[in-house]
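What you see below is based on every heavy atom in this structure, not just the backbone, and it leaves out hydrogens, waters and symmetry mates. Letters go in sequence order (proteins before strands), and every chain restarts at 1.
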Amino acid sequence: MTTITKRGFLKTGLCAGIGAGAGMYWGAASAQKAASLSMTSWGSPAEVAAFNALIEQYKARNPNVAIKLEVVPSGQYYQQLDTRFAGKQAPDIFRAQYQRIGRYGQSGAAIDLSQYLDAGFGQDFLPSVWRASTFRGKPHALPHHTDTFALFYNAEIFEKLGIEAPRSLDKSWSWQEFIGAAKLAKEKAGLNYAFAMNWQNSNAYRWLMYLYQHGGQLLDNELKGPQINTKEAAETVAWTQSWFTDGLVPPNTSLKSSEPVQNLFATGKIAMLLHGDWQIPFIQEQAKFKWGVTYLPRDVAMAADLGGNALAVSRDSKSPDVAADFVKFMVEEEPMRAFVTKAQFLPVRKSLKDKGLVYDIRNEEMKVFLEQSATVPEHLVSTIVMPTWDRFNAKLADELELAFTSGQSPTATVANIEKHVRSTLLV
Amino acid sequence: MAMMAIAENLRVPAAGRPSAADARRYWLQAKRNQLTPYMFIAPNMALFSVFVFFPLLYALYISLREWSLIDTPRFIGLENYIRLANDALFWQSLRNTLVFSVATVPMSLAIGLLLAVALNRDLVGRTLLRSIYFLPVVISNVATAVIAAWLFNDNYGVINTLLQQIGLGPVAWLSSPRWALFSLIVTTLWVRIGFCMVVYLAALQSISPTYYDAAKMDGATRWQQFRYITWPLLRPATFLLLILGVIYSFQVFDLIYVMTGGGPGFSTTMIVQYIYQAAFVSSEMGYASAMGMVLFVMILLFTLMQWRVNRRVEDVA
């Protein structure tokens, strides 16, 4: 029997400790050089908590790297980010909607990440969001998550009025059925208005999903010329305009309004809400009634909105390699699973979609959003990721606002949008 | 004045021409005296240059370029100014701004003066009343706008709730082109009258009571006292408030940004709102700068005109 002296025990322990420490260090293959990074994003409390948890995980893996998350209110986010770029003080990492990546890529504000990625890195990502994160074929951001729209409804009002929400995508309501349900809710449930749509705060592009549902599109198939001055487009404007003229939506929920439409639903002022999956935590917390989620209405086609965000590395970063490594970590399978399930988003990795996810809250409702996300038209994605989209989006908002609130006719609206397409989008 | 000070302070030789050393000393002293005023205004000028003058020059430079903040500015000559001249929205926002100014400036002056005259007397609780009227001035405009937006909210605003209780409304205060500008004007008056009241109060208290005593002895009525003593002596305060009021109205932004976002349609889009939209929504910094330069010239011309008119009136008086 070997006797272990106190000194021997200490020596053995010390060596074992160093060995284990070294093993841990070398075992962490991605351990990075010392760097202090800043990252900027907007986000709900759930998103911010999910970001912070993943930052801590990355820091545990890379003890030399410090990452500070700066959260900016969504209304001022791009204004502040662009101003920081103008002052050459942009954060190392920034979050941006897919619609904005083209602009940041074109100007060089978001660097080309090809040099940090292995060949075939993008293969596991959904093709639409991977394409949306590239500019001239080069990835200028990595897709982080996606989201889409569906129809939230007040289940108690529906039950009372005998309205049955569609239970599968192929049974989704037609436009007429949706308006029928809205009129019934307004007339019989004692509500001033039936529903509201979230397209405020520079989100005019979300109107396009109705255009595609009605068989229209903004640009021709080659994306070279406008295709908006059509019967389908004018009818789509007329249909969405009728929401306001028929008093189905509150008049202060047009595109320039700052009304938080989710409050109207959560406080029972309206029976339905067209909004995205990320609103689930808020509604879960605030709504004191039974509610559910069903599919978007459809017309000649089904179509949903492409939402979601990518993570990019800025040209002002002093450590672009470390920043790129962090962004790669964020879009790995497990961190992505953690983020989307905590913050109620949809994953952009095919592998995660195939395996299925279990969300922290309202798992069944998230399945509706997942199914709906399959109806995002490819042509719509190609249109809204053009580098000039940002500038055009503001003009689209102006024209739709005039149609919805100031009586501009649908034909004049589509004619004006066509002019803006030529002067702003296709330049 | 400066020369007199030099003569008093310098040691003058008893007789004959001053020596070369004395001449040098006089010269240095004179120079020092000339520089002193500049030293006093130097901190102000430094801040003015950094925060106003150089940005103004930079805005002029940018107005001749196409720039989206994140790319390199590209020289395009006078293109932004030509576009501006043909931009119907620019002219509409200018028209909205003029309507807004005409509606808010005279009324805020009139109500402010009325309150100042009322609260210049011995009233019970006048300090409290003065504080209440002045409160919106010290609160941030954004906070005031948020409160106003809640009051005027179409769906759950206090005003509509009260109106509905007496069988009226609801009125689309912020979402109808007809009412939105009205709601903004009311909110602006709420913010501005406190400031006008305080300036007028200070001016009223600086008028010597002897004028009124003399007028009373001559049998002047209250209205005559106001018309021929108070009003003319308040002219400097009125002039100041008019200039500040017009500048405020031309530069109004935060209230509108929070309450209506320039909508519905373009019914409440003022010129600064439109500049903001061009700069930060459409990312057209060059075009926004061109509009900013036009706004600068307009306010400058108005101020110069007012200044000349006021000087002429004072000369006549």
Non-hydrogen atoms of chain B under 4.5 Å away: do they reach the side chain of A:L81, the backbone, both or neither?
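For A:L81, neither part sits under 4.5 Å from chain B.
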
[atom1]/[X] to [atom2]/[Y] distance, rounded to the nearest 0.5 angstrom?
X      : Y      : atom1 : atom2 : answer
A:L425 : A:I417 : CG    : CD1   : 11.5 Å
A:L396 : A:L208 : CG    : CG    : 6.0 Å
A:F94  : A:E70  : CZ    : CD    : 13.5 Å

Would the number of heavy atoms belonging to other residues, nucleotides or ligands and lying under 6.0 Å from CE of B:M107 be above 12?
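No, CE of B:M107 has 12 or fewer neighbouring heavy atoms, counting only those of other groups under 6.0 Å.
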
Record all donor-acceptor atom pairs with a distance under 3.5 Å between chain A and chain B; write none if the list is empty.
residue : atom : partner : partner atom : Å
A:Q79   : OE1  : B:Y276  : OH           : 2.9
A:R103  : NH2  : B:S68   : O            : 3.1
A:R103  : NH2  : B:S283  : OG           : 3.2
A:N252  : OD1  : B:N155  : ND2          : 3.0
A:K256  : NZ   : B:G265  : O            : 2.9
A:S258  : OG   : B:V258  : O            : 3.3
A:E259  : OE1  : B:N153  : ND2          : 2.9
A:E259  : OE2  : B:Y156  : OH           : 2.6
A:R315  : NH1  : B:I70   : O            : 3.1
A:R315  : NH2  : B:I70   : O            : 2.8
A:R391  : NE   : B:S282  : O            : 3.3
A:E401  : OE2  : B:G265  : N            : 2.8
A:T405  : OG1  : B:G265  : N            : 3.0

Determine, using ring centers only, whether A:F152 and A:F195 are less than 6.0 Å apart.
no

Of all heavy-atom pairs between A:M272 and A:A182, which one has the smallest distance, and what is that distance?
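It is CE-CA, 3.6 Å.
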
Please classify the contact between B:I70 and chain A as side chain, backbone, both or neither, with a heavy-atom cut-off of under 4.5 Å.
both

For B:F100, which residues count as a ring-ring contact (aromatic ring centres under 6.0 Å, His included) partner, sequence neighbours excluded?
none

